[in-house]
Enquirer: 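Structure below; questions to follow.
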Amino acid sequence: EACSVALLHEGALLERSEIAPRRHAELVLPMAESLLAEAGLKRAQLDGIAVGRGPGAFTGVRLAISVAQGLAFALDLPVVTISSLAALAMQAPRDAEATLAIMDARMGEVYACAFKKGTEAINTRLNCLRPLFEECVVRAEDLVLPQGENWNVIGSGWNAYRDAILEHLPAPPRWAEGDRHPQARDVAMLALPHFEANDVSPPELALPVYLRDKVAFTTAEREAG
């Protein structure tokens with residue numbers, strides 16, 4: 001639902017973000033150009049491209065990866081891909097032992113990953129969060145969470161499947177917000193340490209993560225039966 005672009009330059013973070021379902025293709029490149037203009041930069045001055053790799057809606061993930069690859073190929077830049085669930089978790093308060101990032105995946109399922117405070121994180125702004133399990137797509141009622149934690153919950157899955165999620169938490173969450181979406185500013189912050197460590201990929205290896213293997217049909221394909 002959210003289309004967002006961010007520019008991290010000399011410690012300053014500029015961003016554009018808009019709730020604009022089905023308008024990402026129209027908005028994303030003008031947003032990027034406006035950020036460069038605001039910073040007084042040209043495309044050729046960029047050092048790298050970061051992108052949310054999913055999971056998420058097929059169309060949104062494909063578009064994000066395509067734009068990142070296109071810019072990176074054109075400008076000969078490296079790419080860092082960041083989990084959209086990790087970016088989502090960045091927006092949660094840091095006052096609980098664990099954060100559940102959960103997005104509505106439709107068809108009765110959710111995309112989910114949980115993060116806990118630890119010492120292995122690469123970004124202090126993430127407050128030393130590390131994944132508690134591999135990100136997954138699962139029916140909300142089949143979600144399995146580690147026990148014994150106090151939780152924050154963030155993402156559209158909370159609005160869609162609140163009762164099912166509550167069944168799997170040891171206690172009601174300390175904080176929960178369902179009207180949040182992954183944002184480019186958090187993708188940028190999570191990507192920065194990777195660029196600093198030269199942990200980057202060429203554009204052709206910047207691949208999407210869908211988690212779900214079902215085919216997404218185009219409108220023309222549906223109409224054709």
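Residue numbers start at 1 and run along the sequence shown. Bear in mind the structure is a predicted one, so any value in this text is a computation, not a measurement.
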Enquirer: How about Glu134: does its CD atom have over 12 heavy atoms from other parts shown lying under 6.0 Å from it?
Expert: no

Enquirer: Using the rule that Ile, Leu, Val, Met, Phe, Trp and Tyr join whenever any side-chain heavy atoms are under 4.5 Å apart, tell me whether Val137 and Leu143 fall into a single cluster.
Expert: no

Enquirer: Measuring from atom CD1 of Ile49 to atom CG of Leu77, what distance do you get when rounded to the nearest 0.5 angstrom?
Expert: 5.5 Å

Enquirer: Any side-chain heavy atom of Met189 within less than 4.5 Å of one from Leu8?
Expert: yes

Enquirer: For a quick test of reading the model, state the closest non-hydrogen atom pair linking Tyr111 to Tyr210 and the distance between them.
Expert: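 Smallest interatomic distance, heavy atoms only, reads CE2-O, 3.5 Å.
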
Enquirer: Considering residues at least two apart in sequence or located in another chain, which fulfil the salt bridge (Lys or Arg N to Asp or Glu O under 4.0 Å) criterion with Glu18?
Expert: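 Counting only residues at least two positions away or on another chain, Glu18 forms a salt bridge (Lys or Arg N to Asp or Glu O under 4.0 Å) with Arg23.
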
Enquirer: Among the clusters formed by ILVMFWY side chains lying less than 4.5 Å apart, do Leu169 and Phe115 turn up in the same one?
Expert: no

Enquirer: Is there a side-chain contact between Met103 and Pro182 (heavy atoms, below 4.5 Å)?
Expert: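 Sidechains of Pro182 and Met103: in contact.
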
Enquirer: Do the non-hydrogen side-chain atoms of Met31 and Val28 ever get within less than 4.5 Å of each other?
Expert: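 They are not in side-chain contact.
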
Enquirer: Mark yes when over 12 heavy atoms from residues, nucleotides or ligands other than Glu141 sit less than 6.0 Å from its CD; otherwise mark no.
Expert: yes

Enquirer: To the nearest 0.5 Å, how far apart are OG1 in Thr81 and CG in Leu207?
Expert: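 Reported value, rounded in 0.5 Å steps: 8.0 Å.
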
Enquirer: Measuring only between side-chain heavy atoms, which start at C-beta, is Ile19 closer than 4.5 Å to His181?
Expert: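 A side-chain contact exists here, since the closest heavy-atom pair is under 4.5 Å.
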
Enquirer: Could you tell me whether a side-chain N or O of Gln69 sits under 3.5 Å from a main-chain N or O of Ala206, the two making a donor and an acceptor?
Expert: yes

Enquirer: What is the minimum heavy-atom distance between Ile82 and His194, and which atoms define it?
Expert: CD1-CD2, 4.1 Å

Enquirer: I want to check something: taking the side chain as every heavy atom from C-beta on, are Pro146 and Trp151 in contact at a cut-off of under 4.5 Å?
Expert: yes

Enquirer: Using every non-hydrogen atom in the two residues, find where Asn152 and Pro93 come nearest and quote the distance to one decimal.
Expert: ND2-O, 3.1 Å

Enquirer: Shortest non-hydrogen contact from Pro203 to Val79?
Expert: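 For Pro203 and Val79, the tightest heavy-atom pair comes out as CA-CG2, 4.0 Å.
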
Enquirer: Given side chains that start at C-beta, do those of Met107 and Arg212 come closer than 4.5 Å, heavy atoms only?
Expert: yes

Enquirer: Is it possible for you to say whether Ile154 and Ile102 belong to one hydrophobic cluster, with membership spreading through side-chain heavy-atom contacts below 4.5 Å?
Expert: no

Enquirer: Just verifying a value: how many Å separate Thr99 OG1 and Leu85 CG, rounded to the nearest 0.5 Å?
Expert: 12.0 Å

Enquirer: Is the shortest side-chain heavy-atom distance between Phe195 and Asp47 below 4.5 Å?
Expert: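 A side-chain contact is absent here, since even the closest heavy-atom pair is not under 4.5 Å.
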
Enquirer: Which residues pass the side-chain contact (heavy atoms from CB on, under 4.5 Å) test with Arg162, sequence neighbours left out?
Expert: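 For Arg162 the side-chain contact (heavy atoms from CB on, under 4.5 Å) partners, ignoring immediate neighbours, are Trp158, Asn159, Leu166.
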
Enquirer: Which residue, Val67, Ile65, Val61, forms the side chain to side chain contact (heavy atoms under 4.5 Å, CB included) with Leu63?
Expert: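 Going through the options one by one, the only one that passes is Val67.
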
Enquirer: After noting the C-alpha distance and the side-chain angles of Arg139 and Tyr161, does the key distance pass the side-chain contact (heavy atoms from CB on, under 4.5 Å) rule?
Expert: CA-CA 10 Å; Arg139 292 188 63 81; Tyr161 304 105; over 6 Å; no

Enquirer: Using the side chain to side chain contact (heavy atoms under 4.5 Å, CB included) rule, pick out the option among Val51, Val200, Leu192 that qualifies with Val80.
Expert: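 With Val80 as partner, side chain to side chain contact (heavy atoms under 4.5 Å, CB included) holds for just one option, Val200.
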
Enquirer: Do Leu7 and Leu46 have side-chain heavy atoms sitting under 4.5 Å apart?
Expert: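 SC-SC contact between Leu7 and Leu46 confirmed.
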
Enquirer: List in chain and number order the residues that pass salt bridge (Lys or Arg N to Asp or Glu O under 4.0 Å) with Arg22, two or more places apart in sequence or in another chain; answer none if no residue qualifies.
Expert: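 If we apply the salt bridge (Lys or Arg N to Asp or Glu O under 4.0 Å) test to Arg22, skipping adjacent residues, there are no hits.
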
Enquirer: Are Val153 and Val138 linked, directly or through other ILVMFWY residues, by side chains that come within less than 4.5 angstrom of each other?
Expert: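 Result: yes, single cluster for both.
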
Enquirer: Could you state the interatomic distance from CD (Glu97) to NZ (Lys116), rounded to the nearest 0.5 Å?
Expert: 6.0 Å

Enquirer: Please report the C-alpha distance between Leu145 and Phe133 in whole Å, then the side-chain angles of each, then the deciding distance to 0.1 Å, and finally whether the side-chain contact (heavy atoms from CB on, under 4.5 Å) criterion is met.
Expert: CA-CA 9 Å; Leu145 296 175; Phe133 52 81; 3.9 Å; yes

Enquirer: After noting the C-alpha distance and the side-chain angles of Val209 and Glu135, does the key distance pass the side-chain contact (heavy atoms from CB on, under 4.5 Å) rule?
Expert: CA-CA 10 Å; Val209 172; Glu135 56 191 23; 3.8 Å; yes

Enquirer: Please find the pair of heavy atoms, one from Trp175 and one from Arg180, that lie closest to each other, and give the distance.
Expert: CZ2-NH2, 4.0 Å

Enquirer: side-chain contact (heavy atoms from CB on, under 4.5 Å) between Leu14 and His9: does it pass, once the steps are laid out?
Expert: CA-CA 8 Å; Leu14 305 176; His9 175 58; over 6 Å; no

Enquirer: Closest heavy-atom contact between Arg94 and Ala89?
Expert: NH1-O, 3.4 Å

Enquirer: Rounded to the nearest 0.5 Å, what's the gap from CG on Leu27 to OG on Ser17? Could you check?
Expert: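 With rounding to 0.5 Å, CG (Leu27) is 10.5 Å from OG (Ser17).
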
Enquirer: Atom CZ of Arg53 and atom OG of Ser84: how far apart are they, to the nearest 0.5 Å?
Expert: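 Separation between the atoms: 7.5 Å.
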
Enquirer: Same cluster for Phe73 and Leu205 if Ile/Leu/Val/Met/Phe/Trp/Tyr side chains link at under 4.5 Å?
Expert: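 No, it is not one cluster - the side chains of Phe73 and Leu205 are not joined through contacts under 4.5 Å.
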
